[in-house]
Amino acid sequence: MHFTGTVWRPPYEADSLLLEVTAGCTHHKCKFCTLYDDIPFPFKMSPMQDITSDLLEIQTLYYHPMTSQANKLTGQPQREGFKRAFLTGANPFVLQSERLLKIAARIYEYVPTVKTIGCFARITDIKQKTEEELLALRDAGYTSLTIGMETGDTDALQFMNKGYTAQDILEQCKRLDAANISYAFFYLTGISGVGKGVLGATRTADICNQLHPKLIGANMLTIYPNSELYQEIQRGNWKEEREVEKYQELQVLIKRLNIPVQFAAMGASNAIPMYGSLTQDKEKLLMTLEHIITQIGEEQLREYRTHLRHL
């Protein structure tokens, strides 16, 4: 299989076929991001011959009759076929619709058990697609996207150089709703900076309440010395929220969300994992956050986070 650098995927794509169709990020300018620093170029598309080669490898390992027979003879369990493919890279949805459709057709040709396809997408990737293209992609199996919205706070988005505004999130995700393409948001707790977390959470909830995300996954902003954001902090241009403020931010976000959506804070950056449905588990999540804020406190939360950074 062809993979470049660290392979990133959402937790809920754990059982999906991972297929590299791009490497790196077309934007590569977010001040907090260091995810693709181990790649020696900003962005590239995988050649179709590499994609085909990887699919042929999967076909041989999982679907070839000789593989099934060999497993029987050696007593190995039969491998189940993949039901879903996840295209890797920071934002494969930036590819032209024609190429995405060609990739989908190639996947179904070599791995016929796959029924749906997902990938990461930037808001700007959606903007490049017409309504007709979005519908064609949905018909071809692109049923859901994972979007790093980060926040609905335009001031924070602009400072972090995300390349879009909260209004852009609203407009483009409404287009996904119209095309019946579902999506999950990644929310970056702490991105608004010290003293502004509650404002950022309020603005984010106001945007999300007008949309239909299937999941909002919260991750704690982690600042690395090789990030541009670290340099902004050294210059005195930005200050990080306290740990308690980050949980107060999440508390406001959950309180203000009034849509049926799954909420998750399960990634490695979250010192205390949380998961639940905001139609059923909202009060339980709020009680958990109240306990964290009032009973655990700043010092212990900071110790948790420091420990996580060194794992």
Let me check something: do Ile216 and Leu199 share a hydrophobic cluster, defined by ILVMFWY side-chain heavy atoms less than 4.5 Å apart, either directly or through other members?
no
Leu301 and Ile272: side-chain contact (heavy atoms from CB on, under 4.5 Å), yes or no, with the steps?
CA-CA 9 Å; Leu301 286 171; Ile272 302 173; 4.0 Å; yes
Applying ring pair (Phe, Tyr, Trp, His ring centres under 6.0 Å), can you list everything that pairs with Phe93, at least two apart in sequence or on another chain?
none
Does the side chain of Ile169 come within less than 4.5 Å of Leu157's, by heavy atoms?
yes
Taking Thr189 for the side chain and Ala218 for the main chain, is one N or O donor matched with an acceptor at less than 3.5 Å?
no
Would you confirm whether Asn209, through its side chain, and Asn258, through its main-chain N or O, come within 3.5 Å as a donor-acceptor pair?
yes
Audit row: Leu135, Arg138, side-chain contact (heavy atoms from CB on, under 4.5 Å) steps and yes/no
CA-CA 5 Å; Leu135 288 170; Arg138 176 61 179 81; 5.6 Å; no
Separation of Thr52 OG1 from Ile103 CD1 (nearest 0.5 Å):
9.5 Å
Leu257 reachable from Val252 in the ILVMFWY side-chain graph, under 4.5 Å edges
no
Same apolar cluster: Ile181 and Leu170, side chain cutoff 4.5 Å:
yes
Heavy-atom donor-acceptor pair, Arg175 side chain to Ile126 backbone, under 3.5 Å:
yes
Output yes when Glu232 and Arg235 qualify as a salt bridge under the 4.0 Å nitrogen-oxygen rule, no when they do not.
yes
Below 3.5 Å, can you tabulate the donor-acceptor pairs from side chains in residues 33-42 to any protein atom, sequence neighbours excluded?
| unit_1 | atom_1 | unit_2 | atom_2 | d |
| --- | --- | --- | --- | --- |
| Asp37 | OD2 | Asn226 | ND2 | 3.0 |
| Asp38 | OD2 | Thr6 | N | 3.0 |
| Asp38 | OD2 | Thr6 | OG1 | 2.9 |

Run the side-chain contact (heavy atoms from CB on, under 4.5 Å) test on Gln262 and Tyr275 for me, step by step, so that the C-alpha distance in whole Å, both residues' side-chain angles and the decisive distance to 0.1 Å come before the verdict.
CA-CA 8 Å; Gln262 298 295 307; Tyr275 180 83; 2.9 Å; yes
Are Val194 and Glu245 close enough that some pair of their side-chain heavy atoms sits under 4.5 Å apart?
yes
Counting C-beta onward and ignoring hydrogens, is there a side-chain heavy-atom pair between Ile191 and Asp153 closer than 4.5 Å?
no
For Trp8 and Phe120 the tightest heavy-atom approach is O-CE1, 3.5 Å
Checking Glu249 against Tyr187 for the side chain to side chain donor-acceptor pair (under 3.5 Å) test, could you report, in this order, the C-alpha distance in whole Å, the side-chain angles of both residues, the deciding distance, and whether it holds?
CA-CA 11 Å; Glu249 179 180 335; Tyr187 174 76; 2.4 Å; yes
Leu101 with Ile51, same ILVMFWY side-chain cluster at under 4.5 Å:
yes
Please tell me if the side chains of Asn91 and Cys25 come closer than 4.5 Å, counting only heavy atoms from C-beta onward.
yes
Would one find more than 12 heavy atoms of other residues, nucleotides or ligands at under 6.0 Å from atom NZ of Lys29?
no
Does a sphere of radius 6.0 Å around CD in Glu171 hold more than 12 heavy atoms from other residues, nucleotides or ligands, not counting ones at 6.0 Å or beyond?
yes
Can you name the nearest heavy-atom pair linking Gln128 to Glu133, along with the distance?
O-OE1, 3.9 Å
Using the test side chain to side chain contact (heavy atoms under 4.5 Å, CB included), find all partners of Glu109 that sit at least two apart in sequence or belong to another chain.
Arg106
Do the ring planes of Tyr62 and Phe82 sit parallel (below 30°), tilted (30 to 60°) or perpendicular (above 60°)?
tilted
Do the side chains of Tyr110 and Ile58 get nearer than 4.5 Å, heavy atoms only?
no
Residues passing the side chain to side chain contact (heavy atoms under 4.5 Å, CB included) test with Arg84, sequence neighbours excluded, are Glu13, Ser16, Thr116, Thr143, Ser144
Let me check something: do Leu19 and Met45 share a hydrophobic cluster, defined by ILVMFWY side-chain heavy atoms less than 4.5 Å apart, either directly or through other members?
yes
Verdict with supporting geometry, Thr165 and Asp168, side chain to side chain donor-acceptor pair (under 3.5 Å)
CA-CA 5 Å; Thr165 66; Asp168 292 328; 3.2 Å; yes
Donor + acceptor pair across side chains of Gln167, Thr154 (<3.5 Å):
no
Is the OH atom of Tyr230 crowded by more than 12 outside heavy atoms at less than 6.0 Å?
no
Distance-only, no hydrogens or angles: does the Tyr142 side chain make a donor-acceptor pair with backbone N or O of Cys119 under 3.5 Å?
no
Just checking, is any N or O donor in the side chain of Asp177 or Tyr183 under 3.5 Å from an acceptor N or O on the other one?
yes
4.5 Å side-chain heavy-atom contact, Leu211 and Phe185:
yes
Taking the six-membered ring for Trp, are Phe32 and Tyr224 ring centroids under 6.0 Å apart?
no
Nearest heavy-atom contact between Gly200 and Ser192 is CA-OG, 3.6 Å
Output yes when Asp155 and Arg203 qualify as a salt bridge under the 4.0 Å nitrogen-oxygen rule, no when they do not.
yes
Nearest heavy-atom approach of Thr4 to Ala23 is CB-CB, 3.9 Å
Met48 side chain near Lys102 side chain, heavy-atom distance below 4.5 Å
yes
Within-4.5 Å side-chain heavy-atom neighbours: Met160 and Leu188:
no
N/O donor-acceptor pair under 3.5 Å between Lys83 side chain and Lys115 backbone:
no
Ignoring hydrogens and geometry, is there a side-chain-to-backbone donor-acceptor pair from Lys129 to Ser97 under 3.5 Å?
no
Okay, side chain of Arg122, backbone of Ala90: is any donor-acceptor separation there less than 3.5 Å?
no
I'd like to check the side chain to side chain contact (heavy atoms under 4.5 Å, CB included) partners of Asp139; sequence neighbours left out, ordered by chain and number.
none
Over 12 non-hydrogen atoms of neighbours within 6.0 angstrom of CD in Gln234
yes
To the nearest 0.5 Å, how far apart are CD1 in Ile233 and OG in Ser227?
7.0 Å
If we ignore hydrogens and angles and just use 3.5 Å, is the side chain of Gln210 paired with the main-chain N or O of Asp206 as donor and acceptor?
yes
Over all atoms of both residues, closest heavy-atom pair of Asn219 and Gly267:
OD1-CA, 4.0 Å
I'd like to know if Lys246 pairs up with Glu243 as an ion pair, taking the criterion as any Lys NZ or Arg NE/NH1/NH2 lying under 4.0 Å from an Asp or Glu carboxylate oxygen.
yes
Residues Ile259 and Cys208: closest non-hydrogen pair is CD1-O, 3.2 Å
Return yes if some donor-acceptor pair links the side-chain N/O of Lys282 with the main-chain N/O of Ile254 below 3.5 Å, else return no.
yes
For the pair Leu221 and Glu240, evaluate side-chain contact (heavy atoms from CB on, under 4.5 Å) and give the outcome as yes or no after the intermediate values.
CA-CA 9 Å; Leu221 174 63; Glu240 184 178 7; 5.7 Å; no
Can Lys214 be said to sit on top of Tyr12's aromatic six-ring, NZ or CZ under 6.0 Å from centre and within 45° of the ring axis?
yes
Quiz: residues 287-297 side-chain donor-acceptor pairs under 3.5 angstrom, not counting sequence neighbours:
| unit_1 | atom_1 | unit_2 | atom_2 | d |
| --- | --- | --- | --- | --- |
| Thr288 | OG1 | Lys284 | O | 3.0 |
| Glu290 | OE1 | Gln251 | NE2 | 2.8 |
| Thr294 | OG1 | Glu290 | O | 2.7 |

